[in-house]
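Presented below is the structure to which this report refers.
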There are 2 protein chains.
Amino acid sequence: MDLTELIARGRPRFRTATAFVEAILREAILTGALPGGTPLRQEELAASFAVSRMPVREALRQLEAQALVDFAPHKGAVVTDISAADGADHYAIRAALEPAALRLSLPHLTAADFERAEGLLAEMDAEPDQSRLGELNRRFHLTLYARAGRPRLLALVEQHLAAADRYLRFHFAALGRDRMAQDEHAAILAAARAGDADEATRVLRTHIETAARDLERFFASRTD
Amino acid sequence: MDLTELIARGRPRFRTATAFVEAILREAILTGALPGGTPLRQEELAASFAVSRMPVREALRQLEAQALVDFAPHKGAVVTDISAADGADHYAIRAALEPAALRLSLPHLTAADFERAEGLLAEMDAEPDQSRLGELNRRFHLTLYARAGRPRLLALVEQHLAAADRYLRFHFAALGRDRMAQDEHAAILAAARAGDADEATRVLRTHIETAARDLERFFASRTD
DNA sequence: TGATTGTCGATTGGATCCAATTTTATTAAG
DNA sequence: CTTAATAAAATTGGATCCAATCGACAATCA
């Protein structure tokens, strides 16, 4: 288990030990540093974080509610496994939520927002580090939804965008970065800029559903 | 604070004290027994539940992740306030998720499922107790989505359906039970039975959006 | 030989205790 | 009388300790 790097920096950035542990663990799970199925022993984690078992326990509880770990009474916590079915589940949620968020947000997007989104696309084209692409992709999407004025909806979208990051590496493995759908991103941005909500949400939904199908195909070919 | 009745029965139904506390608190919040804004003192709750403060803390953490309580460091937990904005947020999420769930579920619904849904509508017509209507309404909706085969999506839908229950009482206060949209429910069921996914999801979305507008109007008239 | 039961080790769940922080009450100054 | 500073009380965050439960392995019996 290689959490030491993540732990080393940024300890005092957090108000409470629980928040600290929770943030680092979530990061580790979403980036794949802690793969699905990894058992999370409380004492071991507590030693790594140099805290007692209690903040670890509370952090694990919160991660459980976010569906990032599975909790079994007296058995312990395990990093939620990724699977074809789970991936399809996440993408189905994204396909439902994100077009709705975009539709609400679009009328209130400013020129500066579009500039920022376009900048993020350019960054993605130039970014060599695969692990940072997920965050850029997330920020691009969230920029377009940011003006929806629905905090809960946005929190849900952000959560499932982050969860989808766990599957992003499979897209790379299967298709390479060329297929990272930059053209689709550009099409979404263009339609949004033109104020065409129907077209923008349609392209966005297709974008997400295409990614879901790619993922499904990858898993299907892998089980052979 | 009147939790004693809820606490008294059904203590040994749960495997752990944390699960027990969490279930009762969620029930109390969703039914309105604990109104929005209520501060949740750990020691006080621990005494009520006859446990120590620790299971209370873990339960509160989980409820925080479910957006039912707000947590502030060193300040404590407070039952999340209901408001026009928050209600609109929940209904926006429902309007996005539920049609998607219905569309996935519809092709796999059986005759028995439709029977069950119809039975629930009949029960709603006959039910005099307002507090049980929320659960019946929830079960009607969930019956239609149950075959979606997407556990996470269904869990999200269930969570936000339950959250919407907190606003159901306002519908009663404003419109009375006649306006409880039984005709809309019947229309959704009829379209689903006919296998018309487009019509069923359209009516469902309208159903949710109408409820959202009613709620908004009620809040608007209330602030005068 | 195979199934069942019992014991031991490991791990989590829960309780109590202490520390840190916030809030409230109090006092002093303007 | 209001306000600022400060001290005391209340409340939460974290650590340590004990109890309960689960898993594995061994011993026993059919």
Side-chain angles (χ1 to χ4, degrees), chain A residues 1 3 7-8 10-26 28-29 34 36-81, chain B residues 1 3 7-8 10-26 28-29 34 36-81:
Chain A
M1 187 178 311
L3 291 173
I7 295 170
R11 161 101 113 276
R13 277 188 295 164
F14 296 92
R15 303 291 301 271
T16 67
T18 298
F20 167 62
V21 173
E22 195 239 344
I24 301 293
L25 279 183
R26 177 165 52 214
I29 293 171
L34 290 175
T38 306
L40 299 171
R41 311 248 170 274
Q42 297 177 1
E43 201 133 13
E44 185 179 341
L45 291 174
S48 301
F49 286 104
V51 297
S52 86
R53 258 179 53 213
M54 173 148 334
V56 173
R57 277 162 64 175
E58 290 191 21
L60 289 176
R61 288 286 180 196
Q62 282 182 287
L63 293 172
E64 183 202 15
Q66 294 167 36
L68 292 178
V69 308
D70 291 329
F71 232 94
H74 293 100
K75 224 214 126 195
V78 176
V79 177
T80 301
D81 254 314
Chain B
M1 191 177 311
L3 291 172
I7 294 172
R11 161 102 113 276
R13 276 187 298 162
F14 297 92
R15 303 293 300 268
T16 67
T18 298
F20 167 62
V21 173
E22 195 239 345
I24 302 294
L25 280 183
R26 177 166 51 215
I29 293 172
L34 290 175
T38 307
L40 299 170
R41 308 249 172 274
Q42 298 177 0
E43 202 134 13
E44 185 179 340
L45 291 174
S48 302
F49 286 102
V51 296
S52 86
R53 258 179 52 214
M54 174 147 335
V56 174
R57 276 161 67 173
E58 291 191 19
L60 290 176
R61 287 288 179 193
Q62 283 182 284
L63 294 172
E64 182 203 17
Q66 295 167 34
L68 291 178
V69 309
D70 290 330
F71 232 94
H74 293 101
K75 223 217 125 191
V78 176
V79 178
T80 302
D81 254 314

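When reading the values below, keep in mind they use all heavy atoms of this one structure, side chains included, and skip hydrogens, waters and symmetry mates. Chain A is the first sequence line, chain B the second, and so forth, proteins listed ahead of strands; every chain is numbered from 1. Here the structure is a predicted model, which means the values were calculated and not measured.
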Length of the line joining Glu22(B):CD and dG13(C):P, which is rounded to integer Å | 14 Å
For Ala65(A), side-chain contact (heavy atoms from CB on, under 4.5 Å) partners two or more places apart = Ala65(B)
Just how far, in rounded Å, is P of dG14(C) from CZ of Arg61(A)?
-> 7 Å
Distance check: side-chain N/O of Gln42(B) vs OP1/OP2 of dA10(D), anything under 4.0 Å?
-> no
Test side-chain hydrogen bond (donor to acceptor under 3.5 Å, both in side chains) applied to Arg53(A) - qualifying residues, sequence neighbours left out | Gln42(A)
Does anything in residues 60-70 of chain A pair up under salt bridge (charged side-chain N to carboxylate O under 4.0 Å, His left out), and if so which pairs, sequence neighbours excluded?
-> Arg61(A)-Glu64(A), Arg61(A)-Glu58(B)
Gap between atoms CZ and C1', on Phe49(A) and dG13(D) respectively (whole Å) = 17 Å
What is the distance from CD of Glu44(B) to P of dA10(D), rounded to the nearest Å?
-> 14 Å
Under the salt bridge (charged side-chain N to carboxylate O under 4.0 Å, His left out) test, residues paired with Arg41(A) that sit two or more places apart | none
For Glu43(A), check side-chain hydrogen bond (donor to acceptor under 3.5 Å, both in side chains) against everything at least two apart and list the hits.
-> none
Is the distance from OP1 or OP2 of dG14(C) to the nearest side-chain N or O of Thr18(B) less than 4.0 Å?
-> yes
Can you check whether Leu40(A) reaches Leu34(A) side chain to side chain, under 4.5 Å on heavy atoms?
-> yes
Between CZ of Phe20(A) and P of dG13(D) the distance, given in whole Å, is 17 Å
Donor-acceptor pairs under 3.5 Å, side chain of residues 18-26 of chain A to any protein atom, not counting sequence neighbours: which ones?
unit_1   : atom_1 : unit_2   : atom_2 : d
Glu22(A) : OE2    : Arg26(A) : NH1    : 3.1
Glu22(A) : OE2    : Gln66(A) : NE2    : 3.0
Arg26(A) : NH1    : Gln66(A) : OE1    : 2.7

Without placing hydrogens or testing angles, list every side-chain donor-acceptor pair under 3.5 Å for residues 72-80 of chain B, not counting sequence neighbours.
unit_1   : atom_1 : unit_2   : atom_2 : d
Thr80(B) : OG1    : Ala67(B) : O      : 3.2
Thr80(B) : OG1    : Leu68(B) : O      : 3.1
Thr80(B) : OG1    : Val69(B) : N      : 3.2

Interatomic distance where CD belongs to Glu43(A) and P belongs to dA10(C) [whole Å] = 11 Å
Closest of dT11(C), dG14(C), dT11(D) to the Arg41(B) side chain is dT11(D)
What nitrogen or oxygen pairs link the protein and nucleotides 20-25 of chain D at under 3.5 Å?
unit_1  : atom_1 : unit_2   : atom_2 : d
dC22(D) : OP1    : Arg15(B) : NH2    : 2.8

Between the protein and nucleotides 15-18 of chain C, list every N/O to N/O distance that falls short of 3.5 Å.
unit_1  : atom_1 : unit_2   : atom_2 : d
dA15(C) : OP2    : Ser52(B) : N      : 2.8
dA15(C) : OP2    : Ser52(B) : OG     : 2.7

Length of the CG-C1' vector between Leu45(B) and dT11(D), whole Å = 13 Å
Which heavy atom in Val51(A) sits nearest to a heavy atom in Ala17(A), and how many Å separate them?
-> CG1-CB, 4.2 Å
